[in-house]
Amino acid sequence: MSYEFILTEVRGDGERKTGLITLNRPKQLNALNDGLMNELGAAMKAFDADDGIGCIVITGSEKAFAAGADIAAMASWTYMDVYKTDYITRNWETIRAIRKPVIAAVAGFALGGGCELAMMCDFIIAADTAKFGQPEIKLGIIPGAGGTQRLPRAISKAKAMDLVLTSRMMDAAEAERAGLVSRVVPAAELMDTVLAAAQNINDFSGPSVMMAKECVNRAYEGPLAEGIQFERRMFHSLFATEDQKEGMDAFVNKRKPAFKQR
Ligand code: HXC
């Protein structure tokens, strides 16, 4: 499948591989227009449905993961355009429905919708060149794809207010201190690090990976007691899988497990 605004590749050498999606509007710093978001959703759904793929990585260019929604495209939209058609957020919901892990590999600018897209991924690994921000206030708008909700959960209300209200950018070191990103690495090592993390996940049992993702999302989205109950049910259900038998037998017999379930 060929796309206009993104590139897709399959990477890795294990039995299950990584679906790599590169945002590809370099001249516009990967500004997220409707077409790009449509393609991104379609590519992610295709990788999610492919048994040969264990997880998905989204990345941009050295200069920008994405500098936000496409301002030129939005500039003339009226309230009725955005309300009736649900521009631009309608396309963003696809990402939330992806069941396999999704890692954001961020170098350069991740601003506005770019920061929101990174936060929709399951975790972010950043290059030391990364810059995060929600500068929508400068345009007379506010974040519209979850920024005001995910940022306070990720980095505290104080820092979220600071970024959203002042429009200032946060560098990679601050983003790591604040808990927005899981790791910061030198820019030249970004893709090797992310693809190694992805391959690590690919080699585990598919059902346990998917359930682990679902459980952590419960913690992020719901009350503790409900999350604990949900986790317990998921935990118990994994004892019905062959991979649980394989994983534990391998440990007991001091050998490497060969997980089979996708
Ligand atoms: C459209 C964009 C763009 C964007 C950059 N470009 N960001 N086009 N939408 N979000 C274009 C520029 O117009 C320019 O095109 C080219 O990319 C290079 O950008 P420069 O500004 O020349 O680069 P630089 O001076 O290095 O500055 C980089 C930058 C700046 C700091 C990232 O581009 C910037 O502030 N961009 C806007 C960031 C922003 O406000 N994002 C939030 C958008 S609103 P030309 O043709 O001149 O070369 C949003 C709402 C989300 O995201 C809602 C989700 C539902």
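None of the values given here were measured: they were computed from a predicted structure. In listed order, ligands and their atoms are each counted from 1.
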Asks: So if I count the atoms of ligand 1 from 1 in the order they appear, which ones are less than 4.0 Å from some heavy atom of Gly113?
Replies: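 What qualifies from ligand 1 is 49 (C), 51 (C), 52 (O).
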Asks: Any salt bridge between Arg233 and Glu214, counting N to O under 4.0 Å?
Replies: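 Salt bridge flag = no for Glu214 with Arg233.
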Asks: Hey, what do you get for CD (Glu116) to CG (Leu111), rounding to the nearest 0.5 Å?
Replies: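 Spacing of CD (Glu116) from CG (Leu111) equals 11.0 Å.
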Asks: So, is Lys63 polar-close to ligand 1, with some N/O to N/O distance under 3.5 Å?
Replies: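 N/O-N/O distance under 3.5 Å: yes.
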Asks: Which heavy atom of the protein is the closest neighbour of atom 34 (C) of ligand 1, given with residue, atom name and distance?
Replies: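 Atom 34 (C) of ligand 1 sits closest to the protein heavy atom Leu111 CD1, 4.8 Å.
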Asks: Which of these, Asn33, Val82, Leu139, Ile142, has its nearest heavy atom closest to atom 43 (C) of ligand 1?
Replies: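 Checking each option, the heavy atom nearest atom 43 (C) of ligand 1 is found in Leu139.
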Asks: Nearest protein heavy atom to atom 30 (C) of ligand 1: under 4.0 Å?
Replies: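 Under 4.0 Å from atom 30 (C) of ligand 1, zero protein heavy atoms found.
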Asks: Does Glu9 come within less than 4.0 Å of Lys17, counting only side-chain N to carboxylate O?
Replies: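 No salt bridge links Glu9 with Lys17.
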Asks: Measure across Ala105 and Phe65 and return the closest heavy-atom pair with its distance rounded to 0.1 Å.
Replies: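 Heavy-atom minimum between the residues: O-CD1, 3.6 Å.
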Asks: Counting both backbone and side chain atoms, is some N or O of Lys27 under 3.5 Å from an N or O of ligand 1?
Replies: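 Indeed, backbone or side chain, Lys27 has an N or O that close.
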Asks: Gly144 heavy atoms, cut-off 4.0 Å: which ligand 1 atoms fall inside?
Replies: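 Per the distance check, 53 (C), 55 (C).
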Asks: With a 4.0 Å heavy-atom cut-off (strictly under), which part of Ala67 contacts ligand 1: side chain, backbone, both or neither?
Replies: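 It is both parts that get close, each with some atom under 4.0 Å.
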Asks: Would Arg168 and Asp162 pass as an ion pair if we require N to O under 4.0 Å?
Replies: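 Result for this pair is yes, salt bridge flagged.
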Asks: Hey, does Ile141 come in under 3.5 Å of ligand 1, counting only N/O atoms on both sides?
Replies: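 No: no nitrogen or oxygen of Ile141 is under 3.5 Å from one in ligand 1.
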Asks: Under 4.0 Å from any heavy atom of Ala31, which atoms of ligand 1 are there?
Replies: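 Near Ala31, the atoms of ligand 1 are 1 (C), 4 (C), 9 (N).
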Asks: Looking at ligand 1, is there an atom of it that comes within less than 4.0 Å of some heavy atom belonging to Glu136?
Replies: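 Checking ligand 1 against Glu136, which is what was asked, there is a heavy-atom contact under 4.0 Å.
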Asks: If we count only non-hydrogen protein atoms and require a distance under 4.0 Å, does atom 7 (N) of ligand 1 qualify as touching the protein?
Replies: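 Within 4.0 Å of atom 7 (N) of ligand 1, protein heavy atoms are found.
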Asks: For atom 46 (O) of ligand 1, is some protein heavy-atom partner under 4.0 Å away?
Replies: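 Neighbour list for atom 46 (O) of ligand 1 is empty of protein heavy atoms (cut-off 4.0 Å).
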Asks: Hey, is atom 41 (N) of ligand 1 touched by any protein heavy atom at less than 4.0 Å?
Replies: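 Given the 4.0 Å limit, the answer for atom 41 (N) of ligand 1 is yes, a protein heavy atom qualifies.
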Asks: Classify the ring geometry of Phe239 against Phe235: parallel below 30°, tilted from 30° to 60°, perpendicular beyond 60°.
Replies: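 Perpendicular.
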Asks: Contact between Pro135 and ligand 1, counting heavy atoms under 4.0 Å?
Replies: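 A heavy atom of Pro135 does come that close to ligand 1.
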Asks: Suppose we measure from atom 9 (N) of ligand 1 to each protein heavy atom; which comes out shortest, and what is that distance?
Replies: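 The protein heavy atom lying closest is Ile71 N, 2.9 Å.
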Asks: Does the N or O separation between Gly112 and ligand 1 drop below 3.5 Å for any pair?
Replies: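 By distance alone, the answer is no.
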Asks: Start with the C-alpha gap between Leu117 and Leu32, add the side-chain angles, then the distance that decides, and say whether side-chain contact (heavy atoms from CB on, under 4.5 Å) holds.
Replies: CA-CA 10 Å; Leu117 174 61; Leu32 304 165; 4.2 Å; yes
Asks: Do me a favour and list the nearest non-hydrogen protein atom to atom 19 (O) of ligand 1 with residue, atom name and distance?
Replies: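 For atom 19 (O) of ligand 1, the nearest protein heavy atom comes out as Leu29 CD1, 3.6 Å.
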Asks: Do Arg96 and Glu93 sit within salt-bridge range, that is, some charged N less than 4.0 Å from a carboxylate O?
Replies: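 Looking at Glu93 together with Arg96, the answer is yes, because their closest N to O distance falls below 4.0 Å.
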Asks: When you measure from atom 27 (O) of ligand 1 to the protein, is at least one non-hydrogen atom found at a distance under 4.0 Å?
Replies: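 It does not; no protein heavy atom is within 4.0 Å.
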Asks: Closer than 3.5 angstrom, by distance alone: can the side chain of Asp50 be matched with the main-chain N or O of Gly52 as a donor-acceptor pair?
Replies: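 Checking the backbone N and O of Gly52 against the side chain of Asp50, a donor-acceptor pair under 3.5 Å is found.
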Asks: Take atom CZ of Arg99 as the centre, draw a 6.0 Å sphere, and report whether it contains more than 12 heavy atoms from other residues, nucleotides or ligands.
Replies: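 Open.
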Asks: Mark yes or no for whether Asn30, through its side chain, and Gly60, through its backbone, hold a donor-acceptor pair below 3.5 Å.
Replies: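 Not at all, since once roles are kept as given, no pair shorter than 3.5 Å links the two residues.
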Asks: Report the distance from atom CZ of Phe47 to atom CD1 of Ile21, rounding to the nearest 0.5 Å.
Replies: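 Between atom CZ of Phe47 and atom CD1 of Ile21 there are 5.5 Å.
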Asks: Give me the nearest non-hydrogen protein atom to atom 11 (C) of ligand 1 as residue plus atom name, then the distance to 0.1 Å.
Replies: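 Its nearest protein heavy-atom neighbour is Gln28 CA, 4.0 Å.
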Asks: Closer than 4.0 Å to some heavy atom of Ala145 - which atoms of ligand 1 meet that?
Replies: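 It comes down to these atoms of ligand 1: 54 (C), 55 (C).
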Asks: Hey, does the side chain of Gln199 reach the backbone of Val194 with a donor-acceptor pair shorter than 3.5 angstrom?
Replies: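 No, because the side chain of Gln199 does not come within donor-acceptor range (under 3.5 Å) of the backbone of Val194.
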Asks: Is the count of non-hydrogen atoms from other residues, nucleotides or ligands lying under 6.0 Å from Lys245 atom NZ greater than 12?
Replies: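 Enclosed.
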Asks: Is atom 55 (C) of ligand 1 less than 4.0 angstrom from at least one protein heavy atom?
Replies: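 Within 4.0 Å of atom 55 (C) of ligand 1, protein heavy atoms are found.
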Asks: Quick check on contacts: which atoms of ligand 1 are under 4.0 angstrom from a heavy atom of Glu116?
Replies: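 This gives 51 (C), 53 (C), 54 (C) as the contact atoms.
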Asks: Are any non-hydrogen protein atoms located under 4.0 Å from atom 22 (O) of ligand 1?
Replies: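 No; the ligand atom in question lacks any protein heavy-atom contact below 4.0 Å.
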